[in-house]
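Both counts, for ligands and for their atoms, begin at 1 and track the order of listing. Values in this document were obtained by computation on a predicted structure and should not be read as measured data.
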Amino acid sequence: GLTEAARADLLLCVFVVDPRWFRPGKFQSRPMGPHRWRFLWQSLMALDAQLQMLGNRLHIAYGPQETAITALCKGYDISHLHRARLPGTQEADCWGYIESELPGVEMRRHEILSLFKEQDLPFELPELPDTFSQFRRRIEASKLVPAAPLAIPKTLPPAPGFPEDAREQCPPRQETTEDVGFSGGEAAAAAHLEAYLFEHRRIVTYKETRNALDDWPSSAKLSPWLANGSLSPRFAADQISRFERKHVRNESTYWLYFELLWREYFYWYGLRHGKRLFQRNGVQQNNRPVSFYPHRFRAWCDGQTGYPLVNACMNQLRETGYMSNRGRQLVASCFVNELELDWRYGAAWFEEQLVDYDVASNYGNWQYLAGVGADPRGLRRFNLTKQQTQYDPDGEFVRRWRGESSQPVPLHTVDAADWPIG
Ligand code: FAD
């Protein structure tokens, strides 16, 4: 996208921070919580520094995205508008508004967040396979490989002027007490990937370690950078291939690519299914009656349920913005099956808390676990006691994240006659 945009005489690079991200939505949670906001801010500052080295800079606007972009285009007489192709209906509505307000502006949409481009997929997007396994098989049978990553342009055209910068208006960032290990920006992402692959060679055992609950090196920890575009999946896939050529190719090295294919599947799934990604009945339109119990929802968010492993995972999420893939599956299963809550509230809480929140991966995985998405097996119910014995046999994870609540919130607060219990 940037390479193409750099062919212009003048170039205005813009990121719009939207105040609506910081207010609760209809499922109670806010679209942007402190962990991702801090990480995003670091990413923007790093991007600005990189753009300055190339002769441009990043303008940060604050306001509703659609009106902020429209006003800038009109104010600076912009002729071409470049952007990434994003799944998500709010994003689609936002671009729909901008396009209708700016009929004379040429719109360029770049597929830069995926491994593949739509035109190269071995099927039409409306025929996206219903399950990940079918998707992977189709991709692999067609011998499709990720597009090669492109070099960064050496210089950029200057900006047409300097709009008043809105950095001061943006909400402040909260410092973290936990050392979460993620710091925003492309250079940090590249350094992390290089260390994971080439310095520590952890990819060699990835398949055996990836399910651990709390062990930093056990999985690649690429997700926050992939989610906000600081790390290109094509670059990550390219580096995995480089590692295989230079060192070793085994089941684990393949498996990291396999997981990037999961991300890829959900990216196209989000684009294919649009609004159904967010509907209670999911893409399957499977009507599963659910209810909402505010006390159970609160207990789950606060790590105060009757399930120590779930509490530990939820405490870790609130305090660091990260939770392992295994943890995410367990807490989602608890949410849907034990607490019998509407999965969309859980997905919205993840959206607020996760440092690596990604619209398609988050809502796609939640649907999958809630039995309304891309899972041929239907509802997934994990036996939480068994999982604790298997993944935390010594209770170390539960102790570290204080999963044993002294006063777990009971499932029922009223009896059958609606009298308060206790
Ligand atoms: P690794 O195991 O090292 O995997 C490497 C990369 O593969 C990840 O960074 C990610 O890009 C991709 N990947 C791995 N597993 C999945 C998966 N199940 N679905 C999609 N991509 C995957 N991931 C997000 O990036 N953002 C989310 O908002 C998100 N929400 C989730 C919600 C639920 C309920 C569940 C069960 C999973 C969710 N995931 C999400 C997927 C997965 O948990 C994270 O990608 C992973 O834990 C990130 O850690 P990692 O980079 O060390 O993963």
Side-chain angles (χ1 to χ4, degrees), residues 29 31-33 35-36 39 87-88 113-115 132 135-136 180-182 189 192-193 196-197 202-203 205-237 239-240 252-270 277 282 300 310 313-314 316-317 320-337 343-375 380 382:
S29 304
M32 175 85 70
H35 302 296
R36 197 161 80 263
F39 184 80
L113 299 172
S114 50
L115 289 170
F132 168 72
F135 169 79
R136 180 181 63 84
V180 284
F182 297 116
H192 173 78
L193 184 61
Y196 179 79
L197 294 177
R202 290 187 170 126
I203 190 177
T205 51
Y206 170 74
K207 189 156 185 260
E208 292 97 76
T209 59
R210 59 179 279 273
N211 266 317
L213 284 172
D214 198 18
D215 191 10
W216 173 263
S218 61
S219 66
K221 304 289 185 302
L222 302 178
S223 49
W225 292 289
L226 284 169
N228 79 8
S230 300
L231 175 66
S232 153
R234 294 172 200 163
F235 179 71
Q239 293 302 300
I240 296 172
S252 279
T253 60
Y254 166 72
W255 215 261
L256 189 55
Y257 174 68
F258 174 96
E259 293 298 338
L260 289 177
L261 282 182
W262 261 109
R263 175 183 176 279
E264 185 75 9
Y265 178 62
F266 284 127
Y267 175 81
W268 297 112
Y269 180 92
L277 186 64
W300 180 81
V310 170
C313 289
M314 296 305 290
Q316 180 189 31
L317 175 65
T320 67
Y322 184 79
M323 190 196 294
S324 66
N325 185 53
R326 170 79 13 195
R328 294 179 206 202
Q329 291 178 324
L330 300 180
V331 303
S333 169
C334 173
F335 193 89
V336 172
N337 297 301
W343 66 270
R344 293 171 302 171
Y345 287 85
W349 178 252
F350 266 34
E351 178 171 348
E352 175 172 326
Q353 295 299 318
L354 281 174
V355 67
D356 64 13
Y357 166 72
D358 168 281
V359 61
S361 287
N362 189 52
Y363 284 83
N365 271 294
W366 269 95
Q367 287 205 347
Y368 185 93
L369 283 146
V372 295
D375 186 1
R380 297 232 165 192
F382 288 85

Report task. Check each atom of ligand 1 against the heavy atoms of Lys221 and keep those under 4.0 Å away; list them by number with element. Result -> 3 (O), 50 (P), 51 (O), 52 (O)
Report summary line: closest protein heavy atom to atom 30 (N) of ligand 1 is Asn362 OD1, 3.3 Å
Requested in this report: Provide the number and element of each atom of ligand 1 under 4.0 Å from a heavy atom of Trp366.
Outcome: 34 (C)
Report summary line: Looking only at non-hydrogen atoms, the one of Asp356, Ile203, Leu222 nearest atom 51 (O) of ligand 1 is Leu222
Query raised in the report: To the nearest 0.1 Å, how far is atom 6 (C) of ligand 1 from its closest protein heavy atom, and which atom is that?
Result: Leu260 CD2, 4.0 Å
Query raised in the report: Hey, would you say the Phe335 and Trp366 ring centroids sit under 6.0 Å apart?
Result: yes
Query - Shortest non-hydrogen separation from Ala347 to Asn362 and the atoms involved - result: O-ND2, 3.1 Å
Requested in this report: Starting from atom 49 (O) of ligand 1, find the nearest protein heavy-atom neighbour and note its residue, name and distance.
Outcome: Tyr322 OH, 2.8 Å
Requested in this report: Could you find the nearest protein heavy atom to atom 14 (C) of ligand 1 and give me its residue, atom name and distance?
Outcome: Glu259 OE1, 3.3 Å
Query raised in the report: Can you tell me how far CG of Leu256 sits from CZ of Arg210, rounded to the nearest 0.5 angstrom?
Result: 9.5 Å
Query raised in the report: Given the side-chain rings of Phe266 and Trp262, with only the six-membered ring counted for Trp, is the space between their centroids under 6.0 Å?
Result: yes
Requested in this report: Answer yes when Arg328 and Asp356 have at least one side-chain N-carboxylate O distance shorter than 4.0 Å, and no when they do not.
Outcome: yes
**Report entry** Nearest heavy-atom neighbours spanning Ala237 and Leu115
**Finding:** CB-CD2, 3.9 Å
Report task. Check each atom of ligand 1 against the heavy atoms of Gln329 and keep those under 4.0 Å away; list them by number with element. Result -> 36 (C)
**Report entry** Proximity flag Tyr206 to ligand 1, non-hydrogen atoms under 4.0 Å
**Finding:** yes
Query raised in the report: Could you give the distance from CD1 (Ile240) to CZ (Phe235), rounded to the nearest 0.5 Å?
Result: 11.0 Å
Query raised in the report: If you measure every N/O of Ser223 against every N/O of ligand 1, is any gap under 3.5 Å?
Result: yes
Report summary line: In this structure, atom 40 (C) of ligand 1 is nearest to the protein heavy atom Arg328 NH1, 3.2 Å
Report task. Examine the side chains of Lys221 and Ser219 and answer whether a donor and an acceptor come within less than 3.5 Å of each other. Result -> yes
Query raised in the report: N/O to N/O below 3.5 Å, does that happen between Ser324 and ligand 1?
Result: no
Requested in this report: Heavy-atom contacts with Leu226 under 4.0 Å: which atoms of ligand 1 show up? List them by number with element.
Outcome: 9 (O), 11 (O)
Query raised in the report: With a cut-off of 4.0 Å, which atoms of ligand 1 are near a heavy atom of Leu354?
Result: 27 (C), 28 (O), 30 (N)
Report summary line: Closest non-hydrogen atoms of Tyr269 and Leu277, given as atom of the first, atom of the second and distance, are CE2-CD1, 3.7 Å
Requested in this report: Starting from atom 43 (O) of ligand 1, locate the nearest protein heavy atom and write down its residue, its atom name and how far away it is, to 0.1 Å.
Outcome: Asn325 OD1, 2.8 Å
Query raised in the report: Can you find an N/O atom of Arg210 closer than 3.5 Å to an N/O atom of ligand 1?
Result: no
Query raised in the report: Are Arg344 and Tyr363 in a cation-pi setup, meaning NZ or CZ lies under 6.0 angstrom from the ring centre and within 45 degrees of the ring axis?
Result: no
Query raised in the report: Distance-only, no hydrogens or angles: does the Arg36 side chain make a donor-acceptor pair with backbone N or O of Gly321 under 3.5 Å?
Result: no
**Report entry** Nearest protein heavy atom with distance in Å, relative to atom 5 (C) of ligand 1
**Finding:** Leu256 CD1, 3.6 Å
Query raised in the report: How far apart are the closest heavy atoms of Tyr196 and Pro217, and which atoms are they?
Result: CE1-O, 3.9 Å
Requested in this report: For atom 35 (C) of ligand 1, grab the closest protein heavy atom and report residue, atom and distance to one decimal in Å.
Outcome: Asn365 CB, 3.4 Å
Report task. Give the atoms of ligand 1, by number and element, whose distance to some non-hydrogen atom of Asp358 is under 4.0 Å. Result -> 26 (N), 27 (C), 28 (O)
Report task. With heavy atoms under 4.0 Å as the rule, classify the contact between Phe350 and ligand 1 as side chain, backbone, both or neither. Result -> side chain
Report task. Kindly assign one of parallel, tilted or perpendicular to the pair Phe182 and Phe39, based on the angle between their ring planes and the thresholds 30° and 60°. Result -> perpendicular
Query - Phe266 neighbourhood, listing ligand 1 atoms whose heavy-atom distance to it stays under 4.0 Å - result: 19 (N), 20 (C)
